[in-house]
Amino acid sequence: MGSDSLDKGYEPKGIEEKWYKYWLDNGFFKAKDKSDKKAFSIVIPPPNVTGVLHMGHALNNVIQDIMCRYRRLLGYNVLWMPGTDHAGIATQNVVERDLAAQGRTRDQLGREEFIEQVWKWREKSGGAIINQLKRLGASCDWDRERFTMDEGLSEAVRKVFVRLYKEGLIYEGQYIINWCPRCKTALADLEVEYEEKDSYLYYIRYPFTDSKNKDSKNKDQKNKDQKSKGHKNKDQKKGLIVATTRPETMFGDTALAVNPDDPRFKDLVETEVVLPLTDRTIPIIRDEYVDTEFGTGALKVTPAHDPNDFNLGEKHGLAKLKVIGDDGCMLETAGKFAGLDRAECRKQAVEELIELGLLEKKVSIKHSVGNCYRCHTDVEPSISKQWFVKVAPLAEKASEAVRSGRTKIIPDIWSKTYFEWMDNIRDWCISRQIWWGHRIPVWKCPECRAVIVEETDPTECPTCGSKEIVQETDVLDTWFSSALWPFSTMGWPENTDLLKTFYPTNVLVTGFDILFFWVARMMMMGIHFMDDEVPFDDVYIHALVRDEHGKKMSKSKGNVIDPLKVIDEYGADAFRFTLAAFAAQGRDVKMSESRVEGYRNFVNKLWNASRFALMHITQKDTVIDQNKLSLAEKWILSRSAATALAVKEGIENYRFNEAASAAYQFVWHEFCDWFLEMAKPALYEKEGVQRRDTARSVLSRVLEDIIVMLHPFMPFVTEEIYNILPATSGSVMNAAFPYDETVYGNNRNEKIEKNMGFVFGLISDIRNIRSEMNIQPSMKIKVLANTEDEKEKIIIAENKTVIVNLASLESFYFCDAENLPSSSATSVTGNTTCFVSLEGVIDFEKEIKRLEKDLEKNTKELLGVQKRLNNESFLDKAPEKVIAKVKAQHAELEEKNEKLQTNLERIKNMK
RNA sequence: GGGCGAUUAACUCAGCUGGGAGAGUGCAACCCUUACAAGGUUGAAGUCGCAGGUUCAAGCCCUGCAUCGCCCACCA
């Protein structure tokens, strides 16, 4: 450490790079395929290869890194499996955009050439996020980095597809799916995001067919209806009014539907209506599905462009007439509107309806519209031939695994959401009409219509021998390959050592936003293909990172905080600690720079404390002689042990905020604020050489423990300090976590902690008096403490050493209360009164006022406790432990009250 | 429509199986005390969203209400 760096605050820049390289060069992140050590494994949620590190990634990966580094300190063989996801639609969009900038399209390139372009893109810029993860300090085993389109993973995908197909769990079918006209592909239900939009509800009249065509009976009845219902029925006279938000789909209507129980249509005799703007007529059907409350009670049925209507169509055997094409433009079936964009068609169709007098009215309405999760274009529900996974049987097992506790979801509240989804799951549309992805391994024979699904590419039709077989052009949903991630990355379908050692993984760390997309599907696939073994023991669901006001970070709002900029400014350690400190379960993390700044100061505090320690620690010998320890030294060793335990439990129970704040509190407010100050007299050799050496040893030991227990949170600065400390050698990553069950009892001493608490109270009181009475810091004061029984004498005697050690802060000596100096102020702590004697003149008025205030406060508190103790029901029913506690509290307060009163009288007399 | 969460100091949040509310930041006052002004000491500040209930005892459990947020769902 050069003297330059000593002058300034901690400067993370060069240090972070240096140590990350060191760790990589020395293979600290490497997992062993086989080992005698206990195994610990996590697979990374693979970021999209197009991804740029955002706050969500940062939180997610910092949590994983904390766990991995912690387990290494415990001596585990740790595998943190890294990788990226090929992100089918997202990546294809990026590359297409690049092409568009050159004025080219993917169709011009053709499939093979285009895919080649994507691979090139990936090589050039696809690894960006990996380097960004490294800046965070992520300790993944990078040599094992996987990509969902790797050869090995593709083989796994192929095997899984073929097996599911042969088991009858994959099928092809004509169904209504969500179509993105911009990406020109089908989307799974999950990939559609719904958004409330302002829209209109159009009331369109569908006229009855000309009455001339009807038989006379109907005609008569119709006339009769008109008469009886009068003008109210004016609308029905000419047809049925239908309310719709999507007039452009009317060309695909193949029926109107009304509820059979709807009184408004009880007397309706017409069986068909004319479809406006066309020359078609469509039937009126009756179905209970129709909501009598909504609109006019009459529903247009468009089986090819609405999921509900699709079902109605199936039920009533209606034709499914597709009118909107894959590019979002109207088809020939839309008559003269063919070729128009669907939005334009809506506009023109409505205009024409107005001209024809068929638009009754248009009403504003809030309407939720689905859009593509990748490009946010409105999706078009459309009928199409797609591949599906029959998920119900898989979901059942995945659901059971969580119900039985084989996999634990943390926090448990998410289990319910998980069950809800698993138990109501719909078949999963896995085909996508894009080029980038795993091409569906299905071949069809145009001659004999055979379908060939095999693990190796067929060259001819096994049924008729035709060589003309053609492969399916669709690719698989990206999530299909990610669903295999926990075992495909470990070499499946081979039964590798890696799998044997590390599957099932210990924990999966993820945000709830991909609970269904990813976690649920990994559960299904893992159980199905790994002999009923769940992919992970625990699923830890962490919060979402939001801005400081709790809003979702988004580019359009301009409230995005770039993790890399934060790292640049405050250092990765400070950033990581901030994330950990705010990662309380079940609540969103609100991130703001000022918070990072606070923890940057903490890093600096640690740095400066270490600098101080280095001025004194000179030798490597850190053997501690228990018999030579001062009270303060025993105390700090005890607190250090307690803190290590708190950190351990925090990390192991996914309560990272608790672990972080325990460490923070200890390092700053116990180690720095108290211990370092108390150690100074000894360190500066004011108590002899032996005491100095003991103090050095304790300082060295505790600082080392702190560095190691903070390492999972702040890897860089701890490595730097660890390497500077004289007592340590090698990397902090080889150190042992400073919690040892067998010695914990020896280090932890609650009696000592209590006694120190007493001393702290005493000192606080003295400072309080100084502050309240405006005693100049430069003014020396004497402190006298009176003790009243043997027990306290012991404590005080013990304290005396400590207090003498505090020479730089205050000076103490002890006397009887009777020997009061002529001018004094008092304070009461616990069972002891202390008097501060002043060399100057005391302000009696002020001191009396202060004491009176104290007395009042104390009396109030005492009365409260008394009231409780007078309550018979309380004494009767409360557990003994509680009663004893309250009684002790009462005694304490009573005594304090007495002393305050005595002191007050004395002061008054002095005056 | 169904489900979930939140509401605690000026701000951001802890508070685990009920036993008299905590932290950080901010604020005020005083301090360059030889690791640290990115610091130290001291202090002020809360009807724990509202209303009922259970209990000897409620921030915590129950019921209802209000406000905000999220998820799911096939409301044309």
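Every chain is numbered from 1 and lettered A, B, ... according to where its sequence line falls, protein lines coming before strand lines. Worth knowing before you read on, the calculation uses all heavy atoms, side chains too, and leaves out hydrogens, waters and symmetry mates.
Nucleic acid contact class of His669(A) (heavy atoms, under 4.0 Å, all strands): sugar-phosphate only. Heavy atoms of Thr245(A) sit under 4.0 angstrom from primed sugar atoms or phosphate atoms, though from no base atom. Counting non-hydrogen atoms under 4.0 angstrom, Tyr194(A) reaches nothing in the nucleic acid. Within 4.0 Å (heavy atoms only), Ile413(A) reaches sugar-phosphate atoms of the nucleic acid but no base atom. Backbone-only contact: Lys416(A) has heavy atoms under 4.0 Å from sugar-phosphate atoms and none from a base. Contact annotation for Arg868(A): base contact, defined as any heavy-atom pair under 4.0 Å involving a base atom. Heavy atoms of Pro381(A) sit nowhere under 4.0 angstrom from any nucleic acid atom. Asn424(A) comes within 4.0 angstrom of nothing in the nucleic acid, heavy atoms only.
Considering only side-chain atoms of Phe874(A), the nucleotide from A38(B), G19(B), G3(B) that sits closest is G19(B). The side chain of Val290(A) lies closest to A76(B) when the candidates are A38(B), A35(B), A76(B). When the nucleotides G39(B), C36(B), G24(B) are ranked by their closest atom to the side chain of Tyr664(A), G24(B) comes out on top. Listed nucleotides: G39(B), A35(B), G19(B). Nearest to the side chain of Asn601(A): G39(B). Minimum atom distance to the side chain of Ala609(A) is reached by A35(B), of the listed U41(B), A35(B), C56(B). The side chain of Phe516(A) lies closest to C71(B), out of C56(B), C71(B), A76(B). Here the nucleotide nearest the side chain of Asp291(A), chosen from G15(B), U12(B), A76(B), is A76(B). The side chain of Lys877(A) lies closest to C56(B) when the candidates are A38(B), A76(B), C56(B). Side-chain proximity of Thr244(A) to the nucleotides G19(B), C56(B), A76(B) is greatest for A76(B).
Taking the ring centroids of Phe512(A) and His542(A), they lie at or beyond the 6.0 Å cut-off. Taking the six-membered ring where the residue is Trp, the centroids of Tyr599(A) and Tyr570(A) are separated by 6.0 Å or more. Aromatic ring centres of Tyr373(A) and Phe517(A): separated by under 6.0 Å.
Rounded to whole angstrom, the span from the NZ atom of Lys885(A) across to the P atom of G19(B) amounts to 8 Å. Note: CG (Asn608(A)) to P (U34(B)) measures 14 Å, nearest angstrom. Spacing between atom CZ of Phe582(A) and atom C1' of G24(B) amounts to 7 Å, rounded to whole angstrom units. Regarding Gln665(A), its CD atom lies at a distance of 13 Å from the C1' atom of A14(B), rounded to whole Å. Rounding to whole angstrom units, CH2 of residue Trp414(A) and P of C70(B) are separated by 12 Å. Rounded to a whole Å, the CZ atom of Phe419(A) is 15 Å from the C1' atom of C4(B). With rounding to whole Å, Met615(A) atom CE is found 11 Å from C36(B) atom C1'. Between Glu652(A) atom CD and C16(B) atom P the separation is 21 Å, expressed in whole Å.
Look at the P atom in both U54(B) and U17(B): the space between them is 24 Å, to the nearest Å. Distance noted for atom C1' between A14(B) and A51(B): 27 Å (whole Å). Nucleotides U47(B) and A38(B) have their C1' atoms positioned 38 Å apart, rounded to a whole Å. A10(B) and C16(B) have their C1' atoms separated by 28 Å, given to the nearest Å. Atom C1' of G26(B) sits at a distance of 38 Å from the matching atom of C62(B), rounded to the whole Å. Distance noted for atom P between G52(B) and G3(B): 27 Å (whole Å). A distance of about 40 Å separates the C1' atoms of G2(B) and G20(B), rounded to the whole Å. Between the C1' atoms of U41(B) and U33(B), the separation comes to 11 Å (whole Å).
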Bracket notation of RNA chain B in which parentheses pair within the strand, [ ] cross earlier pairs, and | pairs with another strand (Watson-Crick or G-U, under 3.5 Å): (((((((..((((.....[..)))).(((((.......))))).....(((((..]....))))))))))))....
message: Checking Tyr206(A) against Leu256(A) for the side chain to side chain contact (heavy atoms under 4.5 Å, CB included) test, could you report, in this order, the C-alpha distance in whole Å, the side-chain angles of both residues, the deciding distance, and whether it holds?
response: CA-CA 9 Å; Tyr206(A) 283 46; Leu256(A) 283 194; 3.8 Å; yes
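Neither side chain, Asn259(A) nor Asp287(A), offers a donor N or O lying under 3.5 Å from an acceptor on the other. In summary, the side chains of Asp876(A) and Ser873(A) do not present any donor paired with an acceptor at a separation below 3.5 Å, with no hydrogens or angles considered. Side chains of Lys857(A) and Thr859(A): no donor on one and acceptor on the other come within 3.5 Å.
Nearest-nucleotide positions on RNA chain B place Val882(A) closer to the 5' end than the other of Val882(A) and Trp421(A). When the nearest nucleotides of RNA chain B are assigned to Asp306(A) and Asp189(A) by heavy-atom distance, the more 5′-ward of the two goes with Asp189(A).
Each of His305(A), Lys300(A), Glu380(A), Arg342(A) was compared with Thr249(A) under the side-chain hydrogen bond (donor to acceptor under 3.5 Å, both in side chains) criterion, and only Lys300(A) meets it.
Checked against side chain to side chain donor-acceptor pair (under 3.5 Å), Asp427(A) has the following partners two or more places apart in sequence or in another chain: Tyr171(A).
Enclosure of atom CD in Gln866(A) by more than 12 non-hydrogen atoms of other residues, nucleotides or ligands within 6.0 angstrom is indicated.
Residue Trp668(A) places at least one side-chain N or O closer than 4.0 Å to OP1 or OP2 of G40(B). At the phosphate of C56(B), neither OP1 nor OP2 sits under 4.0 Å from any side-chain N or O atom of Lys867(A).
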